[in-house]
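The model shown is predicted, which means the values in this text are computed figures rather than measured ones.
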Amino acid sequence: ILTTVVFTVIFGNIAKLPTDGLPPFLFYLAGNTVWVYFSTCVTSTSNTFAGNAAVFGKVYFPRLSVPISIVISNLISFGIRLGVFLAFLVYFMLKGAAVHVTWWVLLLPVLLIVMAGLGLGFGIIISSMTTKYRDLQQLVGFGVQLMMYGTPVIYPLSSVDAGWRWLLLLNPMTPVVEVFRFAFLGTSALEPVYLIYSFFCMLTALLIGIVAFNHVENTFMDTV
């Protein structure tokens, strides 16, 4: 809520960025609800090997269960954020705001799978790399923050010039954020079909991440 208030003041009131006619507070709260879950999954799972080296070195168990458990446990905090978002959504709807829930809200489980898969995939790829390049861990937070500005979290996709919009569409989180807003707020410049691209990006990231993770887990104790 505090982050959304800051976004509303800075980007809505001072910078006066457009929000597709939606109440700025709801617009930013929707983006935050999605983005925080994804970013938390990435940053938490990216420290799997370095953060659990002591445990991994004493007993054997499927190492991949650790990042998977992190992604699943983060669903609890996501559920709380979603509940807060829905409470404010109902409030604004009762106040007569120009928002409406669409049938695309049924895609919420798909959005969760895509977000969790992308967060897990990117996280374990980074985790596999940090066993050899330890300093890479220091760049994860900055990289995730930079990626947020390449995702329509604080601005709508419709505000980006059509000539440059393709750059944002390369980001697999762009369709997720836009479809979430379309589902709950009824406005988006992106067709939900683009979510198929995010799904295939998720599968690719998971495949690469699992292969790299399984390769590194046999030798990581020599470098961590």
Side-chain angles (χ1 to χ4, degrees), residues 1-44 46 74-102 104-105 108 111-112 114-116 118-119 122 138-165 167-190 192 194 198:
I1 294 177
L2 291 177
T3 302
T4 302
V5 170
V6 172
F7 282 4
T8 302
V9 172
I10 295 178
F11 299 113
N13 297 339
I14 299 177
K16 297 188 182 302
L17 295 182
T19 58
D20 278 346
L22 299 171
F25 186 84
L26 271 185
F27 179 88
Y28 297 124
L29 186 59
N32 271 325
T33 300
V34 173
W35 183 256
V36 171
Y37 175 67
F38 166 75
S39 62
T40 302
C41 288
V42 173
T43 54
S44 299
S46 66
N74 283 338
L75 286 173
I76 298 175
S77 57
F78 173 79
I80 296 174
R81 284 191 297 273
L82 181 63
V84 172
F85 168 72
L86 292 177
F88 278 104
L89 176 60
V90 171
Y91 171 78
F92 275 90
M93 291 178 69
L94 293 176
K95 298 289 285 186
V99 297
H100 62 278
V101 178
T102 69
W104 291 106
V105 73
L108 181 59
L111 295 178
L112 277 174
V114 173
M115 283 190 291
L118 287 172
F122 290 148
Q138 307 303 320
L139 299 176
V140 174
F142 174 75
V144 170
Q145 188 71 19
L146 191 64
M147 186 178 177
M148 186 192 77
Y149 291 102
T151 309
V153 174
I154 60 174
Y155 55 85
L157 186 63
S158 60
S159 67
V160 179
D161 185 84
W164 296 98
R165 196 172 295 179
L167 283 173
L168 293 184
L169 293 178
L170 291 177
N171 180 352
M173 280 299 295
T174 293
V176 176
V177 174
E178 285 290 314
V179 171
F180 184 86
R181 285 203 183 106
F182 184 53
F184 287 96
L185 304 181
T187 301
S188 174
L190 192 68
Y194 280 90
S198 299

> How long is the gap from CG on N74 to OG on S39, to the nearest 0.5 Å?
Replying inline: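 It comes to 9.0 Å.
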>> To the nearest 0.5 Å, what is the distance between CZ on F38 and OG1 on T43?
In response: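 Result: 9.5 Å between the selected atoms.
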> Can you find a pair of side-chain heavy atoms, one from P175 and one from L190, that are under 4.5 Å apart?
Replying inline: yes
> Does the side chain of V34 reach to within under 4.5 Å of the side chain of L111, using non-hydrogen atoms?
Replying inline: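 Sidechains of L111 and V34: no contact.
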> Does the side chain of D20 pick up a donor-acceptor pair with the side chain of T187 at under 3.5 Å?
Replying inline: no
>> For F85 and F180, take the angle between the two ring planes, folded into 0 to 90°, and tell me which bin it lands in: parallel under 30, tilted 30 to 60, perpendicular over 60.
In response: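 The rings of F85 and F180 sit tilted, inter-plane angle from 30° to 60°.
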> Can you list the residues that meet the ring pair (Phe, Tyr, Trp, His ring centres under 6.0 Å) rule with F78, with sequence neighbours excluded?
Replying inline: Y37
Sequence neighbours left out, cut at 3.5 Å: what donor-acceptor pairs do the side chains of residues 89-102 make with other protein atoms?
from	atom 1	to	atom 2	distance (Å)
T102	OG1	W104	N	3.3
T102	OG1	F182	O	3.1
T102	OG1	A183	O	3.4

For residues 144-156, which side-chain donor-acceptor pairs fall under 3.5 Å, sequence neighbours excluded?
from	atom 1	to	atom 2	distance (Å)
T151	OG1	M147	O	2.9
T151	OG1	N171	ND2	2.5
Y155	OH	Y149	O	2.7

Distance-only check: which donor-acceptor pairs under 3.5 Å involve side-chain atoms of residues 22-33, not counting sequence neighbours?
from	atom 1	to	atom 2	distance (Å)
Y28	OH	G12	N	3.4
N32	ND2	T4	OG1	3.2
N32	ND2	Y28	O	3.4
T33	OG1	L29	O	2.7

> Taking only residues at least two apart or on different chains, which pairs with a member in residues 173-189 satisfy salt bridge (Lys or Arg N to Asp or Glu O under 4.0 Å)?
Replying inline: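 Output for this query lists E178-R181.
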> In chain order, what residues pass the side-chain hydrogen bond (donor to acceptor under 3.5 Å, both in side chains) check against S159, with sequence neighbours excluded?
Replying inline: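 S159: no side-chain hydrogen bond (donor to acceptor under 3.5 Å, both in side chains) contacts found.
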